[in-house]
There are 2 protein chains.
Amino acid sequence: MTAKIDDGAPSAFRRPTINDVAALSGVSKSTVSNVMRGTGSVSAATRERVLEAIAALGYRPNATARNLVLRRTNLIGVVVGDLANAFDAELVKRIEQCASAHEYTTLVCNTGGHADLEASRIEALLEHRVDGIALLDFSGDRAVISKLLGERVPVVMVSCWSDYADCVAVDDMVGIELAVRHLVELGHERIAHVVDPLMEAGTRRARVAAFERALLRSGIAPRSEWTLVYDANETGGGSDLLALVARDDHPTAIVAANDYTAIRLIALLERNAIAVPRDISLVGFDGIDVSALSRIGLTTVAQPRDDLARTAVDLLRARIESGYDAPPAQHRLKPRLVVRGSTGPPR
Amino acid sequence: MTAKIDDGAPSAFRRPTINDVAALSGVSKSTVSNVMRGTGSVSAATRERVLEAIAALGYRPNATARNLVLRRTNLIGVVVGDLANAFDAELVKRIEQCASAHEYTTLVCNTGGHADLEASRIEALLEHRVDGIALLDFSGDRAVISKLLGERVPVVMVSCWSDYADCVAVDDMVGIELAVRHLVELGHERIAHVVDPLMEAGTRRARVAAFERALLRSGIAPRSEWTLVYDANETGGGSDLLALVARDDHPTAIVAANDYTAIRLIALLERNAIAVPRDISLVGFDGIDVSALSRIGLTTVAQPRDDLARTAVDLLRARIESGYDAPPAQHRLKPRLVVRGSTGPPR
DNA sequence: TTGAAAGCGCTAACAC
DNA sequence: GTGTTAGCGCTTTCAA
């Protein structure tokens, strides 16, 4: 047994440990541990001495060591597609808020929709033994998800969906229906749908399906060539959309799959001398802050972001704190239509 | 010594450990460790067996345990004021990208400018033994920072400044000078400055000082009452600004301390029938993505966000990987003016 | 080329 | 009330 002697080397800086505190206050480490955590029973006098030693040394417990024995890290991973998309960023902000209110610290991974990055970032989260993972607006392929579910680590999908995991998302059917009905009520009959390639595939499919169903319910025949992809980050993109809009029987309104796309779509259209809403009406989806700016004035289907975040954290906490084996909890939240200046009657 | 016997309880799920791998492949844990890390020398045959066991068990090394012995977590903390501010979000995104390219995982804390939250979040980061901390656009008081510097944990200040820590920020003097000169060249003489209360105090002071100096260099006498605070998140704020603008000798141009404020300022002004740039010209600071949207068209002083993020991560890595004791490295980056539609000659 | 053993800093029975 | 002890899962000498 080697005695722990401070060799005095000034270069080898060592943070004080629970042993140092114990030594300085002349008690055992269990006692220190007890005063730190407020467990067990320690006399007022010893507690006082220990507290002094802690202050004197500037002791801070090592979460790494604690986590190792507790098999619990109080870390949650948040995997997000693109923090430059305000919807994602605003959601991450809220999730971090809820999580830290419950003593969790948040590991954030921005995947940019790259499947390989996604896999390796999640792998890192798993090695760090996060207590749970939130997949936001998840654009990855299902293989990643099903692998994750096999790991027995609590997972919640936020603003996206899987039948086999806890989920919380807005009701796409209702949301898209709201958008379409609003346009139809304004008199539109030729309505196109534009999706974001970075959007999660399931959500995208759900919104496309919802879009077609909503048209049918309004007595309008959907045309598949009127559902297009627009990559707002690709310079020079959108040529097929512009081609569509240049046709005689062009759409008079567009439902964009999210606000990020919708707002860039306004820019694209106006750059090509197509006025919004005079020539084309535009509805977004998400309800991000910028859509409310007077200059933008985007009519949009707003998601209840606070509820989304809070529910997500609650779901995760429930799994973490009371075991895995409940069936998946699925929450559908109601979106609401916010009418602003980007929609009007067709010319 | 208790033998490790699987008691077969199905409820107690245990992830496979290095011991399980060792047992299954019939080697010692040191050997497993060696093949995992590619160190030491193991025969091709044993490596093969170990690899098979790893695959069979779905073994994933426990970073918590590794970090404990290595005294290194490969975690970096990022403390950010407000992820709803696109500048912050875009910076976090880039930092996470750089960091993960170097095998670091990012812990994100959104403080919302609350000093108490700030302190407790940083405390959590420290307990988790992050290898370094990046303070973004840091709005906190200096006490937090000086405490942090006493902790001997690598800290980098991004887009904010301290004489005693590694910093990387844009040159506020130059940036504000660019903005003011642009306005003066357009013919403006009555120029106001609007700051964001959430902005880091040092940066705010620096920009205010830079603003006054720039005016003087253009032969304009600064008036202190023309530097105001506008809190874009406070509904019904900005009354003092509107009062100022209603005066006869109102300013014909405003330099906003950041884009977030500038963009909300446009909304505020236009809500009050003051057209931008016809009645008042507006210059922002940051160069966030939305400022480039045609509907917004904000003239702004753009920060080199990629450089900011890359330098920040490099600085942190240097401290982490080669010791603490170098003097603080201070990087001033050059901003550039991006002229768009929000500025024009005075009426 | 491989293994035994000693920790990393902490918690949690269980003695005393 | 307080201390002893045995790990948590890993890395790292040092022998064999």
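Below, chain A is the first sequence line, B the second, and so on; all start at residue 1. Predicted, not measured: the structure shown is a model, and the values here were computed from it.
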Summary of protein contacts for nucleotides 9-16 of chain D, nucleotide by nucleotide, where a base hit scores B, a sugar-phosphate-only hit scores S (4.0 Å, heavy atoms): BBBB----

Sugar-phosphate only, base, or nothing, as touched by A/Ser41 at under 4.0 Å among non-hydrogen atoms: base

Protein-nucleotide distance (B/Arg47, atom CZ; C/dT2, atom C1'), rounded to Å: 13 Å

Audit row: B/Ile54, B/Met36, side-chain contact (heavy atoms from CB on, under 4.5 Å) steps and yes/no: CA-CA 9 Å; B/Ile54 286 174; B/Met36 283 297 304; 3.5 Å; yes

From B/Asn34 atom CG to B/Ser28 atom OG, the distance as rounded to the nearest 0.5 Å: 8.0 Å

Degree of bending, the helix from C/dT1-D/dA16 to C/dC16-D/dG1 (end axes from five pairs; round to 10°): 40°

Rounded distance in Å - CD (B/Glu48) to C1' (C/dT1): 17 Å

Approximate separation, where rounding is to 0.5 Å, of B/Arg94 CZ and A/Leu83 CG: 10.5 Å

Where B/Tyr59 and B/Pro16 come nearest, the two heavy atoms and their spacing: CD1-O, 3.4 Å

Spacing of A/Asp131 atom CG and A/Arg71 atom CZ [to the nearest 0.5 Å]: 13.0 Å

Non-hydrogen atoms of B/Met157 and B/Ser162 that approach each other most closely: CE-CB, 3.9 Å

A/Thr31 side-chain N/O to D/dG3 phosphate OP1/OP2 under 4.0 Å: yes

Of B/Val144, B/Leu148, B/Leu125, B/Leu136, the residue whose pairing with B/Val79 passes side-chain contact (heavy atoms from CB on, under 4.5 Å): B/Leu125

Worked check of side-chain contact (heavy atoms from CB on, under 4.5 Å) between A/Arg319 and A/Leu315: CA-CA 6 Å; A/Arg319 289 272 164 203; A/Leu315 250 22; over 6 Å; no

